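Data first, discussion second: the structure below is written as structure tokens.
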Amino acid sequence: MKRNELLAILNAKLAPEQIKDFCPNGLQVEGTEQIKKIVTGVTASQALVDKAVELQADALLVHHGYFWKGESQTISGMKKRRIKALLAADINLFAYHLPLDVHPELGNNAQLAKLLGIEIQGGMEPGAASVPVWGKLTKPVRGDEFAKRIETVLGRTPLSSVVRSDVIETIGLCTGGGQGYIDLAAAQGLDAYLTGEASEQTIHSSTEQGIDFFAAGHHATERYGAKALGEFLADEFGLDVTFIDIDNPV
């Protein structure tokens with residue numbers, strides 16, 4: 001498949017033009033025109049780039065790419081080394097941030113909800129491209145039991161603030177660094193809120209507003225969108241795709 005064909009498929013599936021983001025979505029670094037082998041992963045770290053080079057990939061498809069708003073525009077140091085390795089191996093870098101979070105089937109939110117037994121009901125924000133979503137547990141459980149479910153499924157012990165004695169039925173969800181949405185979840189009367197990270201004020205929001213809170217790790221909650229997107233490309237277009245999980249405890 002040619003590079004521009006793959007780009008068109010990805011853009012058609014994820015519709016990046018429909019959501020305002022903090023980075024460019026799509027092709028970030030141009031490599032070889034012909035693409036046969038794709039490596040997918042969460043973040044285009046040096047370790048993942050090196051693995052793509054080792055596997056002789058033609059493209060690297062990630063959730064966290066480069067060129068974030070507010071960062072230095074200078075290509076030096078760590079950024080230079082990463083990009084130099086991609087260019088030397090003629091590897092294309094494709095990155096989709098929020099479009100991969102919000103996709104209703106392949107997105108990080110959707111994939112995590114499926115794993116944890118949450119049936120998504122809709123967005124917490126107005127519009128079709130809400131970053132946080134909310135849903136209902138297929139089997140309501142107490143907060144401590146839900147924390148154990150997270151640990152079993154993700155292989156991580158979540159940071160938990162269980163402040164309710166009742167079972168959780170409704171839950172807000174935003175993978176990654178979505179802890180700021182806990183106040184919106186509380187305002188909408190949800191029983192609990194799940195994300196990847198926590199800030200100091202997050203626990204106060206949980207205890208003072210009576211909403212259970214779970215932070216299961218930025219990386220751990222976002223492993224599944226890029227993997228699902230790669231499986232879609234393999235199943236629908238016969239591409240050779242390998243998901244590589246470069247572990248990150250955060």
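Counting from 1, the numbers follow the sequence of the chain as shown. A quick note: this is a predicted structure, and the numbers were derived from the prediction, not measured.
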With no hydrogens and no angle check, is any side-chain donor or acceptor of [X] less than 3.5 Å from a backbone partner on [Y]?
X	Y	answer
His97	Phe22	no
Glu222	Ala220	no
Asn109	Val131	yes
Thr202	Ala198	no
Glu151	Ala147	no
Glu5	Lys2	yes
Lys69	Asp21	yes
Ser199	Gln201	no
Gln188	Met124	yes

Please report the shortest heavy-atom distance between [X] and [Y], naming the atom on each side.
X	Y	value
Asn248	Val250	OD1-N, 3.0 Å
Val53	Ala89	CG2-CB, 3.9 Å
His103	Ala110	O-CB, 3.7 Å
Gly31	Arg3	O-NH2, 2.8 Å
Ser205	Ile182	CB-CG2, 3.9 Å
Gln28	Pro24	NE2-O, 2.8 Å

Supply the atom-to-atom distance [X] [atom1] to [Y] [atom2], rounded to the nearest 0.5 angstrom.
X	Y	atom1	atom2	answer
Glu231	Glu236	CD	CD	12.0 Å
Leu7	Met1	CG	CE	11.5 Å
Gln111	Arg223	CD	CZ	12.5 Å
Ser160	Asp144	OG	CG	9.0 Å
Thr175	Glu197	OG1	CD	10.5 Å
Thr43	Gln46	OG1	CD	13.0 Å

Under 3.5 Å, is there a donor on one side chain and an acceptor on the other for [X] and [Y]?
X	Y	value
Thr32	Asn92	no
Thr195	Gln179	no
Ser206	Ser161	yes
His219	Asp245	yes

Salt bridge (Lys or Arg N to Asp or Glu O under 4.0 Å): which pairs involve [range], sequence neighbours left out?
range	result
residues 39-59	Lys51-Glu54
residues 172-195	Arg164-Asp191
residues 35-44	Lys37-Asp240
residues 72-99	Glu71-Lys79

Above 12 or not: heavy atoms from other molecules or residues under 6.0 Å from CD of Gln56?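 No, because the 6.0 Å sphere around CD of Gln56 holds 12 heavy atoms or fewer from other groups.
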
Crowded around Lys148 NZ? As in, over 12 foreign heavy atoms under 6.0 Å?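 Not more than 12 within 6.0 Å, no.
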
Would you kindly confirm whether [X] and [Y] end up in one hydrophobic cluster when ILVMFWY residues are joined by side chain heavy atoms under 4.5 Å apart?
X	Y	answer
Trp68	Ile75	no
Ile246	Tyr66	yes
Phe243	Leu233	no
Leu100	Phe232	yes
Val49	Leu61	no

Is there side-chain contact between [X] and [Y], with at least one heavy-atom pair below 4.5 Å?
X	Y	value
Asn11	Pro16	yes
Leu98	Asn25	no
His63	Asp101	yes
Leu106	Lys13	yes

Checking Val62 against Thr40 for the side-chain contact (heavy atoms from CB on, under 4.5 Å) test, could you report, in this order, the C-alpha distance in whole Å, the side-chain angles of both residues, the deciding distance, and whether it holds? CA-CA 6 Å; Val62 299; Thr40 62; over 6 Å; no

Worked check of side-chain contact (heavy atoms from CB on, under 4.5 Å) between Leu27 and Leu10: CA-CA 10 Å; Leu27 180 66; Leu10 291 169; over 6 Å; no

Would you list the pairs meeting side chain to side chain donor-acceptor pair (under 3.5 Å) in which at least one residue belongs to residues 124-139, sequence neighbours left out?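 Sorted pair list comes back empty.
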
Can a salt bridge be assigned to the pair Glu145 and Arg142 using a cut-off of 4.0 Å between side-chain N and carboxylate O?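 Salt bridge between Glu145 and Arg142, a charged N being under 4.0 Å from a carboxylate O: yes.
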
I'd like to know whether the aromatic ring centres of His64 and His218 sit less than 6.0 Å apart in this structure.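 Under 6.0 Å, so yes.
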
In the hydrophobic clustering (ILVMFWY, side-chain contacts below 4.5 Å, transitive), which residues join Leu116, or is it alone?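 Grouped by the 4.5 Å side-chain rule, Leu112, Leu115, Ile118, Ile120, Val133, Leu137, Val141, Phe146, Ile150, Val153, Leu154, Val162, Ile168, Ile171, Leu173, Leu194, Phe214, Tyr224 form the rest of the cluster around Leu116.
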
Does the side-chain contact (heavy atoms from CB on, under 4.5 Å) test come out yes or no for Phe67 and Cys23, once each step is laid out? CA-CA 6 Å; Phe67 313 116; Cys23 62; 5.7 Å; no

Derivation and outcome, side-chain contact (heavy atoms from CB on, under 4.5 Å), residues Leu60 and Phe94: CA-CA 6 Å; Leu60 180 58; Phe94 297 90; over 6 Å; no

